[in-house]
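Read through the structure below, which is laid out as structure tokens, and then see the notes.
These numbers come from a predicted model, not from an experiment.
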Amino acid sequence: MGYSLESLENFFCGIGEQKFRAKQLLSWIHKKGITNFNLMTDFNKELRIKLQSLAIIKPPKIFKEFISEEGTKKFLIELESGSMVEMVIIPEKNRKTLCISSQAGCALQCTFCATGAQGFKQDLKSDEIIGQLWLANFHNKEINQITNVVFMGMGEPLLNYDAVLESAKIMKDPHSYGLSRKRITISTSGIVPNILKLSQDIDVSLAISLHASDDILRDEIVPINKKYPIKALLDACKEYLSSFKNKKTITMEYILIDGINDSIEHAKQLAILLSDISCKINLIPFNNFKGTTYKRPSNNKMSIFKKYLMDKGFIATLRITRGDSVAAACGQLVGDLSNTVKGKNLIKHRLINER
Ligand code: SAH
Ligand code: SF4
């Protein structure tokens with residue numbers, strides 16, 4: 001499941017078969033949703049038996065599925081190791097976005113993030129990453145037909161580089177999901193060397209979790225900033241942009257946290273920092289979770305922040321978070337689940353499908 005076209009071609013050559021089988025297999029798994037070699041009718045019997053003896057195609061398991069009032073679906077996915085990660089389907093008017101995880105937990109410990117609070121457990125393998133898209137599309141009769149994928153679930157994608165790259169290649173491949181570069185977004189807290197590497201390896205959309213406009217504050221709320229400070233990060237963004245021939249824009253994510261980074265002074269500093277970078281700014285209202293002392297600013301305060309940036313000529317979006325009722329922001333369900341396991345039964349959300 002986790003092999004890109006190139007890897008599958010190597011696999012088939014390695015077992016003495018022809019290269020074109022790779023395209024056929026990609027299409028069976030990722031276009032038609034078939035994981036049983038016996039049903040792959042353009043493979044002769046001999047090849048089907050050979051594949052069965054050599055390989056297994058196994059998506060991860062859906063442990064639980066939750067639905068919110070607005071139709072956002074959230075899934076707890078169980079990995080082979082037993083660790084849980086989350087994925088979310090967000091239906092909108094003209095698209096269906098899937099938010100996927102790249103690691104169980106995260107080592108980077110951003111202070112506003114429920115995943116960070118859980119610490120790092122493990123990297124996902126490429127099959128466990130692409131398996132989330134496979135599940136979203138094929139796990140039940142109701143075809144979800146995901147149109148956009150964002151790596152904004154649990155974990156730091158650029159710290160699980162190879163598996164994320166392999167899965168993004170499968171997402172783009174016309175023999176499988178065929179998603180265009182604009183429909184796949186990798187979000188990073190700013191792993192500078194891998195931002196530059198990414199521009200050499202694949203053309204997808206990039207989002208940067210900036211969240212602060214000076215190093216003192218960013219050191220505190222996004223601690224990886226101590227290693228890769230704002231200037232190094234923004235220089236990497238400029239180099240990233242200049243390495244593509246096509247016109248590209250980076251999305252700058254900025255969580256608004258009451259009394260921490262939401263003043264007009266912060267907006268001014270942000271506008272200066274981003275003045276020479278082709279970007280749009282995605283303002284995200286802080287999403288509350290158990291154990292945090294942070295709060296979401298008032299709607300009025302958030303609108304003023306946004307208006308300042310728009311008056312300065314930026315494209316800035318501010319969306320009231322969808323899926324609040326299933327604790328949508330990253331890592332919250334898994335956090336809730338471990339509390340449940342401790343006997344506190346914190347999952348109050350409507351459970352529609354328990355397996
Ligand atoms: N590690 C990567 C990708 C996963 S986190 C990164 O940091 O970019 C993706 C996004 O989740 C972050 O940018 C942040 O915007 C969002 N997020 C995390 N905790 C949140 C919270 N409590 N409220 C709102 N958004 C949150
Ligand atoms: Fe990790 Fe991203 Fe959460 Fe920071 S915001 S702790 S980098 S998942």
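No side-chain donor from either of Ser126 and Glu166 sits under 3.5 Å from a side-chain acceptor of the other. No side-chain donor from either of Trp134 and Asp127 sits under 3.5 Å from a side-chain acceptor of the other. Judged purely by distance below 3.5 Å, without hydrogens or angles, the side chains of Gln18 and Arg21 never pair a donor atom with an acceptor atom.
Under the 4.5 Å side-chain contact rule for hydrophobic residues, Phe138 and Leu98 share a cluster.
Glu156 places a side-chain heavy atom less than 4.5 Å from the side chain of Thr188. Contact check for Lys121 versus Leu79: no side-chain heavy atoms found under the 4.5 Å cut-off. Contact of the Ile129 side chain with the Phe151 side chain is registered, since non-hydrogen atoms from C-beta on lie closer than 4.5 Å.
Ile15 CD1: more than 12 foreign heavy atoms inside a 6.0 Å radius. Heavy atoms of other residues, nucleotides or ligands lying less than 6.0 angstrom from NZ of Lys61 number 12 at most. For NZ of Lys248, the number of neighbouring non-hydrogen atoms (other residues, nucleotides, ligands) closer than 6.0 Å is greater than 12. Residue Glu80 places its CD atom among 12 or fewer non-hydrogen atoms of other residues, nucleotides or ligands, all under 6.0 Å distant.
When Ser83, Pro60, Ser101 are each tested for a side chain to side chain contact (heavy atoms under 4.5 Å, CB included) with Ile77, only one passes: Pro60.
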Could you walk me through whether Tyr254 and His266 pass the ring-ring contact (aromatic ring centres under 6.0 Å, His included) test, one step at a time?
CA-CA 11 Å; Tyr254 193 100; His266 291 117; 7.7 Å; no

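One finds no salt bridge joining Asp215 and Lys231 here, because no Lys/Arg side-chain nitrogen approaches an Asp/Glu carboxylate oxygen to under 4.0 Å. A salt bridge links Asp311 with Lys307: at least one charged nitrogen is closer than 4.0 Å to a carboxylate oxygen. Between Asp203 and Lys172 there is no salt bridge, since no side-chain nitrogen of the basic residue lies less than 4.0 Å from a carboxylate oxygen of the acidic one.
Residue pairs meeting the ring pair (Phe, Tyr, Trp, His ring centres under 6.0 Å) criterion with at least one partner in residues 171-204, sequence neighbours excluded, are His30-Tyr177.
Minimum heavy-atom separation, Ser102 to Asn160: O-ND2, 2.9 Å.
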